[in-house]
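Here the structure is a predicted model, which is why all the values come from computation and not from measurement. Each chain gets a letter, A, B and so on, in the order the sequences are listed, and its residues count up from 1.
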Protein chains: 2
Amino acid sequence: MVDAPRNTRQRRAVVAILEDLDGFASAQEIHDILKRRGESVGLSTVYRSLQVLADAAEVDALRNDDGEVLYRQCSAGHHHHLVCRSCGRTVEIEGPSVERWADKIADENGFRDVAHTLEIFGTCSSCPA
Amino acid sequence: MVDAPRNTRQRRAVVAILEDLDGFASAQEIHDILKRRGESVGLSTVYRSLQVLADAAEVDALRNDDGEVLYRQCSAGHHHHLVCRSCGRTVEIEGPSVERWADKIADENGFRDVAHTLEIFGTCSSCPA
DNA sequence: CACGATTTGACAACGGTTGTCATGACGATT
DNA sequence: AATCGTCATGACAACCGTTGTCAAATCGTG
C-alpha cells in the first residue's frame, strides 16, 4: 500500500488551477498563473505535482510541436483530444473504431505492448487566423 | 526560385545513413553512426541537414516519449507509423478512414487548419521483452 | 584559377525539465 | 496542544536535446 500524498497548500493550488482551466497548459503557464494569483508555488513543486497527477492518471499529458508537455484535467477513461493550437481549448473525443484499427495493425505486424498517440490540432472558432 | 543546397560531403553522408537505416533514429544517433564509420560530421551539421530534409518533406520526423525528435526516410505521401520502442524498426501504415474521421470531428467542432498526429508504438517480434 | 556565397564545426547559449539538499510543513501519536 | 518522523517544498544548479554564433573551410560558378 502506498501512502497517500500529503494535502499541502501547494498541491491544492495546482489542482485548483487545473479545475479552472478548460484547455491544456504547460507547467510554466500554471506556475505563472499561480504567481499572478498571489498563491506562489515553486516551479519544481509545480512540475512534481503535475508528474504525480499524471502518473495517477488524474490529468492527461501531451507534447506540443515545440516539445513542451501540456497538462489538462480530463474525464476518466481512454480518449483523445481536439486541441486549439492558439488558446489550448480542448474537446475530448472518442474513436472506438480507431482503437480497434490500431490494435489490429499492430497485431498483424507482430508488435506487442502496444500503445498509440492520436491528437488532432487546429484553430478553434474563437481564435483569429 | 530558391537555390539548390550544395552537394557537400557531410550532407551526402547524412543522407546515406538515412538510406541504410530502416527505422527512426535521433540526430545524435546518426551523428554517432557517422563517427563510428569514420565519416565524422559535426553535430550542428547533422541537426541542420535533418532540418532541411524534414522541411523538404524528404524525411519524416516524430517525437518519442522522451521528447527527442526521431528521423526516418519514408515514402512520399501522408502516412503514419508503427514503431518499435526498442529498436526503432518501423512499418508505414495508412488509414484512410481515420483521416476522414479526424477531419469530420474537427469540422463538427468548428476547428480549421487541422492536422493530426497518429503513431502506434509497441515492441516488435525481434526485440526481447 | 579565383572569387563570393554557402556550409561547416567547435563552442556557447537556450529552454524545458529534473536533481539536490537544507529548510519547512503535514499529520499521526502522545 | 506539543512532539516527532517523514515527506514536501523551493532556490538553485545540473542536465540534455537543440539552436545560435562566427571564423575558417568548401563549393561551384565565372
Side-chain angles (χ1 to χ4, degrees), chain A residues 1-18 24-56 58-72 83 85 88, chain B residues 1-18 21 23-56 58-72 83 85 88:
Chain A
M1 189 58 184
V2 190
D3 288 346
R6 285 188 184 168
N7 178 23
T8 63
R9 174 186 70 82
Q10 292 86 341
R11 201 177 300 262
R12 266 180 274 123
V14 170
V15 171
I17 297 293
L18 288 166
F24 278 90
S26 69
Q28 317 226 33
E29 278 167 357
I30 291 169
H31 177 249
D32 288 348
I33 295 170
L34 285 164
K35 197 183 290 177
R36 253 182 273 129
R37 290 201 186 175
E39 296 193 88
S40 208
V41 173
L43 183 55
S44 305
T45 303
V46 174
Y47 272 105
R48 272 185 303 238
S49 301
L50 290 170
Q51 273 171 357
V52 169
L53 291 166
D55 286 350
E58 292 184 35
V59 300
D60 279 9
L62 62 82
R63 239 173 241 279
N64 69 7
D65 285 345
D66 299 335
E68 277 181 320
V69 180
L70 307 181
Y71 298 89
R72 177 174 187 264
V83 186
R85 262 186 293 257
Chain B
M1 188 57 185
V2 191
D3 288 347
R6 283 188 185 169
N7 178 24
T8 64
R9 173 185 70 81
Q10 291 86 340
R11 201 177 302 261
R12 266 180 275 124
V14 170
V15 170
I17 298 293
L18 288 166
L21 295 175
F24 279 89
S26 70
Q28 316 224 35
E29 278 168 356
I30 292 169
H31 178 250
D32 288 347
I33 295 171
L34 285 163
K35 197 184 288 177
R36 253 182 274 128
R37 289 200 186 176
E39 296 192 87
S40 207
V41 174
L43 183 55
S44 307
T45 303
V46 174
Y47 273 105
R48 274 184 304 237
S49 302
L50 290 169
Q51 273 170 355
V52 169
L53 291 166
D55 288 349
E58 292 184 36
V59 301
D60 280 8
L62 62 82
R63 238 174 242 281
N64 68 8
D65 285 345
D66 299 336
E68 278 182 319
V69 181
L70 306 181
Y71 299 90
R72 178 175 187 263
V83 186
R85 263 187 292 260

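Residue A/Y47 has no polar side-chain atom (N or O) positioned under 4.0 Å from OP1 or OP2 of C/dT18.
Near DNA chain C, meaning a heavy atom under 4.0 Å from it, residues 58-71 of chain A has A/E68, A/V69 in order of number. At a non-hydrogen distance threshold of 4.0 Å, A/Q28, A/S44 from residues 26-44 of chain A come into contact with DNA chain C.
Both B/Q10 and B/Q51 lie near DNA chain D, and the one whose nearest nucleotide falls closer to the 5' end is B/Q51.
Separation of atoms CG (A/N7) and CZ (A/R12) is listed at 4.5 Å; rounding is to 0.5 Å. Between the CZ atom in B/R63 and the CG atom in A/D66 there is a gap of 7.5 Å [rounded to 0.5 Å]. Note: A/Y71 OH to A/L53 CG = 9.5 Å, rounded to the nearest 0.5 Å. B/R85 CZ to B/D65 CG: the interatomic distance, rounded to the nearest 0.5 Å, is 7.5 Å.
A 4.0 Å heavy-atom criterion places the boundary nucleotides of DNA chain D facing chain B at D/dG17 to D/dG28, written 5' to 3'.
B/Y47 is not listed as a side-chain neighbour of B/T45, based on a closest heavy-atom distance of 4.5 Å or more.
Among all heavy-atom pairs drawn from B/F24 and B/L62, the shortest one is CZ-CD2, 3.4 Å. Contact between A/V83 and A/G88 at its shortest, heavy atoms only, is CG1-O, 4.0 Å. Summarising the geometry of B/V69 relative to B/A61, their closest heavy-atom pair is CG1-CB, 4.0 Å, with the distance given to 0.1 Å.
Residues satisfying the salt bridge (charged side-chain N to carboxylate O under 4.0 Å, His left out) test with B/R11, not counting sequence neighbours, are none.
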Worksheet item: Do B/L18 and B/L50 pass the side-chain contact (heavy atoms from CB on, under 4.5 Å) test, and can you show the C-alpha distance, the side-chain angles, and the key distance before you say yes or no?
Response: CA-CA 10 Å; B/L18 288 166; B/L50 290 169; 4.0 Å; yes
Worksheet item: Where do B/L21 and B/R72 land on the side-chain contact (heavy atoms from CB on, under 4.5 Å) test, with the steps shown first?
Response: CA-CA 8 Å; B/L21 295 175; B/R72 178 175 187 263; over 6 Å; no
Ignoring hydrogens and angles, write down the donor-acceptor pairs under 3.5 Å from the side chains of residues 30-42 of chain A, residues two or more places apart or on other chains.
from: A/H31; atom 1: NE2; to: A/V41; atom 2: O; distance (Å): 3.2
from: A/R37; atom 1: NH1; to: A/D20; atom 2: OD2; distance (Å): 3.3
from: A/R37; atom 1: NH2; to: A/D20; atom 2: OD2; distance (Å): 2.8

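If you check every strand for non-hydrogen atoms under 4.0 Å, A/R9 touches sugar and phosphate atoms only. Within the nucleic acid shown, B/T45 comes within 4.0 Å of at least one base atom, counting heavy atoms only.
Rounded to a whole Å, the CZ atom of B/R11 is 8 Å from the C1' atom of C/dT7.
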Restricting both atoms to N or O, compile the protein contacts to nucleotides 3-6 of chain C shorter than 3.5 Å, with distance only.
from: C/dA5; atom 1: N3; to: B/R6; atom 2: NH2; distance (Å): 2.7
from: C/dT6; atom 1: O4'; to: B/R6; atom 2: NH2; distance (Å): 3.0
from: C/dT6; atom 1: O2; to: B/R6; atom 2: NH1; distance (Å): 2.8

